[in-house]
Amino acid sequence: MEDRTRTDSQEGKLLVVDGHSLAFRAYFALPVESFTTSTGHPTNAVWGFATMLADVIAAEKPTHMGVAFDVKGGTFRNKMLPQYKGTREAAPEDLLSQLPVIQRMLKALGIVYIEKPGFEGDDVIGTLATMGEKQGFKTLVLSGDRDAFQLIDDDITVLYPGHHFKDLKHMTPQAVMDKYKVRPDQYPDLAAMRGETADNIPGVPGVGDGFAAKWINQYGDLEGVLGHADEIGGKKGEALRDNMEQVRLNRKVNALVRDLDLGVTMDDLKFGTIHTDEAEGIFKELQFGERSQRKILKGFSTVVGFDPSSGSGRGGSRADKKADGGAPDADQDEREVFTQPIEDRVDDARSLEEWAGSHLPDPDDSARSTREINEQAGRLSGDVDTRHSVGDDEALTARSLDDIWVLYADGTARQGDYALRDLALLSRDGHGLVIQGDSLDPAMVRSLQHLIDTRMGTCVIHGYKEHIHLLENAGLSLPLPVFDTKLAGYLVQPDFHADDLEHAVAHFLDIPVRKAPVASQGRLPLDAESASDREEEGSQILRQARYVMMLTSKLEGLIQERRQFSLLRTIELPTSYVLAGMESEGAKVDDARLKNMHDQFSAEARQAQEIAWDRAGERVNLQSPKQLQKVLFDDMGLQPTHKTKTGSYSTNVAVLQDLYIKSVDNPRANDFLGALLRHRETNKLKQIVQSLREAVNPRDGRIHTTYEQTVAATGRLSSVDPNLQNIPNRNATGREIRSAFVPGEGYEALLSSDYSQVELRIMADLSGDQALIDAFKSGADFHRYVASLVYDIPMDDVTSDQRSHVKAMSYGLAYGLSTYGLAQQLKISPAAADVLKSKYFATFGKVHDYLESLVSDAREKGYTETMFGRRRYFPGLRSTRRQVRDAAERAALNAPIQGSAADIMKIAMIKARHALDQAGLKSRISLQIHDELLVEIAPGEADRATRLVKDSMEHAVSLAVPLDVSTGIGADWQLAAH
DNA sequence: AAGAAGTCGTT
DNA sequence: GACGTACGACTTCTTG
C-alpha cells in the first residue's frame, strides 16, 4: 500500500470506522466456505475485518480511533422511509452472528466502539469525524458506505473499499470530483437522485451518477435541479418530475447527523492496552492461523509499540518444511500466502546455469527435446482401445509432482504475431528468476534451451500452447511439460471460465486475489517505462508464477482423484502442441478472391437495401431489429408470429420467411420482406468476408486463428480471432467463401478429410445396439438403411422424405430433441413425429435405454463422462425449475457423445501430426472444424499424406463399428469438399 | 467504453 | 409456455 500519510497535525490522527459496513463488505468479499471453524462457525467477516483494520492501522498509524456500530431496532430514518434498508435488514444469520465476536475482539484489542440507539453507525461516524476535525485532528473514515462521502474535506478522508475488498481508495475532495464530478458536499444531492440499491432506496429511473452530476453542475444543488425540472427534456426529465417527492425524501434520509451527544471525548478514543491473552483466546476460538494472528496483532500494535513475538510463544510449526530453513513453506495456510518469492537476478548464461543448478530440480536422467511429443504420440500408435484409457493412469500418477518448478512467460500472442515480454522461473524453494525477453542473448538462449530440454519432466506451465508461441518468439522450443494448470483446471471444471490466472486462483483456491493491473499491457513503449515499472513487473510475474505453483498442488489432487492424468498428458497436452503448430502456420487465403466477393456482396446488399427503403418509405436501418419491428408490425400492420426472450417481436429469418409467404396480397410488404431477406443474407456474407480480410496477416498473407482449448464445456475446440469454424457451408452462395482458402507457397493442394456420422457411431458403440452396429457395418447408405429398418421396407423403396426424416431423427437423438422440435424441423405434425420416434426406438431399443441411462446416471453421479474420462457436471439436473432441468437433461445427453467425438478428433490430430512428421512429409494440418481436418498438401505428397491422415483418423480409436473417413483433394477448400 | 440484446454462421 | 448441443462475432442501443 502506498504511503499517503500527510503531515499529521499537531493534535494527531483519528481513524473512524464504520463497523457494520466493513463487516458487511468483508462477509461478501470472502467465501464463507474457506473461513469456517471445525464446529461450523463462520469467521470470514471477523477475519476480513481484523486483517483489514490491522493493515490500515499499520499503514496510517492513527493516534486515536473509534468504531461505530448500528443498533438493533429502527432509526429516525425508518419512520421517514419505511422500506429503508429493507434488503439489508435481511443480513444472513452467518453475518449477524459474527458482529458480537468482532466487538469482543475490539475490546480485547483496546479499541473503543460506539452504538447509539435510534441512530445509525453513520451518524456516529459523522459526529466523531466532526469532533475530530473541530479539535484539529486529521481524520480518516473507513467505511464501505458511500453516504460517508459527504464528510470529505481537506481534513477528512474516506477510505472506501474498491471492487476488491482490501484495496482501499483514498477518497479526498479531488478523488470525489474525479469520480463523480461533484464536490463532496454535493454528493448526497447526487445520491438522492441516483438512489442506493444496497439500502433499497429507489432513485430516478434511468438516472445514474452521470446525469445527476450534470444537472447539479448546471443548477448548483438539488433544490436548483428540482426547481428547474421543467427545463429538463426527454425521458429522464419526465422521470425526474415524476419522482421529485422520492428524491427529496432520499435527500433527508442520506444526510448524516453530525452533532450527536455520544458522551465520549477525544481522549477516550486513544488506543488502550492490548489484552494479548484475551485476544489470542478469541483467535484460537476462531481457529485463525498462526500467521493471521501475528499479522493482526502486529498491525494493531504498530501504534502502541507492542511486540507480537514476546506474547505469543507457541509450539513448533509444522514439520513438513523443506530442508533449507527460511524458504517459504509451500504448504502453509494458503489463503494468506502471498509471500513474494525471493527474486534473483542473472545477466549471463553462466549464472543462469548456476542458478538452475542450485535451485531447480535435477536434470532428468534422459535428455528430453521436442521429440517427446513423438514419444507421447507413440503411445497412441496402434489403435487405442476404447475402454477407455489412453494411458496407464496409475503409472502416470505415480510420478509425484512434489519436486517441480514453474515456467511462466508474459507477452502478447495474436493472429500469428507473438512477442515475449518477460520470463519467470520459479523454484519450489521460493527462489524466482525473472528474465526480460529483450535481454536474451544467444548464449543465454542456448543455456535456457538446455535447461528446458533437460528439466521439462518436472516443469509446470499455465497454458502450454501460449507458452510455445511466446518462447518460439525468443527462439526457444518447448517440449511437453509435466503439468499444465490451465488445462487441468479445464478438465476439473470444464464449464468454469477463468478470464485469467488470478481468476482461476481465486476460484480453485477460494482465496481473495489481487487483480493484476492491466496497465502493463504494452500501453507505453518499452523505452518509456521507468526502471521501477519494470521492477514492479518483475515481482508481478513472479507472483503469477507463484499462483501457478499454488494451483498445481490443488489441481493435481483433483486430477488424480478423477483419474484424468492420462487424459491431460496423453490427449490435452499433445493437442496443445499440434494446435500451436497450426496456429503458427496459419491458413493461406486468396485476398483477390475475397475482395471480389466483398464487392459483389456489398453491391447486392446495397441493392436490396434500396428496394427495402423504397417500399418502407423511409431509410430504416435494416440491421436494427427495433426499427424493423416498428416498420413491420406498426407501420405495415403485419401480424407478429414469434416473441423473443425479452418479449419483443422477433424479426429473425424464420419469421420473415413466414411473413413473406403470408403477404402475397400485399405487394409493398411482400417486396419489402423479400428485399430484407436478401439483405440479411448478403450483408452477413459481406461481414464474414470482411472480417476474414481484416484477419490476414500482412507478413505472410495467411490467417492465424487461435484455437481455444479450454472454452467449450464438451471438450470441443473453438476458434477465435477469427473464428474459422463457422465459414458458411450450407448454401452455395456462402460456400463460395471457402474457395478463398488455398494452398500457400510451396504447397499444391488442400486435403479435406472428415468423419462421417461420428456421433452416431459413438452412440452405436456406447449403447451396444446390435441393429445400429449392423447398420454401420453393412457399409450401405446409412440413413437409407436405417429408414428401411424403421419403416420395415426394402432399401430400394425408401423415399427421400423417409430418409431425411430418419436422418433428422438420428441426429436429433444426440441432442435430446423433443418430438415437437422434430416436427418443427421436418415440417410435419407433432403426432407424425411421435410415431416416427416410437418406430425408431422400437427398432433401436438399446439406443433408447442408453440415452435414458445417460441422464439417470448423470442425475445420480452429478456428472457425465466421455470415453476417455472427460467429465462435465450438471447441477441443473436437480433444479426445481423445469425449464432449467430440461435444458440440463438435453445437455447431459449430448455431452458424452459430442465430448467423445472431440476426444477422438484430438487423438486423430496427434496421430496425424506424428505420422506426417515421421514420414518426413512437408504437408501439414491447417484447420480443424470439429469433425474435419483441412491439410495443406506439399507437391507430390497428395497420396501419401491422404493415406496417413485418413488412417490416423480411422484408427484413432477402435469402436464396435468402423470409423468412416471421407477425403477430397482440390485447389481450394471448396474444391476439396466431397 | 462496456454490456445487453438480437441475429446468424458452423458442427 | 417452451420445445436441439456447442460455440464466436457482428450490429444496435443503452448506459456511463
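Chain letters run A, B, ... following the sequence lines, proteins first, then strands; residues in each count from 1. The structure presented is a predicted model; accordingly, all values stated were derived computationally and were not measured.
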With a 4.0 Å cutoff (strictly under), does any side-chain N or O of [X] reach OP1 or OP2 of [N]?
X	N	answer
A:Ser624	B:dG6	no
A:Ser650	B:dT7	yes
A:Thr651	B:dG6	no
A:Gln623	C:dT12	yes
A:Arg680	B:dT7	no
A:Thr644	B:dA5	no
A:Asn621	C:dT12	yes
A:Thr714	C:dC7	no
A:Arg890	C:dG4	no

Checking all strands, does [X] fall into the base, sugar-phosphate, or nothing category for heavy-atom contacts under 4.0 angstrom?
X	value
A:Ile897	nothing
A:Gln627	sugar-phosphate
A:Arg194	nothing
A:Arg716	base
A:Asn894	sugar-phosphate
A:Leu717	nothing

- Rounded distance in Å between the P positions of C:dA2 and B:dG6: 14 Å

- Message: Here's a test of your reading of the structure: between A:His497 and A:Tyr811, which maps to the more 5' nucleotide of DNA chain C?
- Response: A:Tyr811

- Could you say whether A:Asp886 or A:His930 is positioned toward the 5' end of DNA chain C, judged by the nucleotide with the nearest heavy atom to each?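 First, find each residue's nearest nucleotide; the 5'-ward one identifies A:Asp886.
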
- Query: Out of A:Lys465, A:Arg870, A:Lys486, which one pairs with A:Glu572 under the side-chain hydrogen bond (donor to acceptor under 3.5 Å, both in side chains) rule?
  - Reply: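 When side-chain hydrogen bond (donor to acceptor under 3.5 Å, both in side chains) is applied between A:Glu572 and each of A:Lys465, A:Arg870, A:Lys486, only A:Arg870 qualifies.
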
- Task: Go through C:dG1, C:dG16, C:dT5 for me and flag the one nearest to the A:Phe211 side chain.
- Result: C:dG16

- Do A:Lys837 and A:Tyr840 meet the cation-pi criteria used here (NZ or CZ under 6.0 Å from the six-membered ring centre, within 45° of the axis)? no

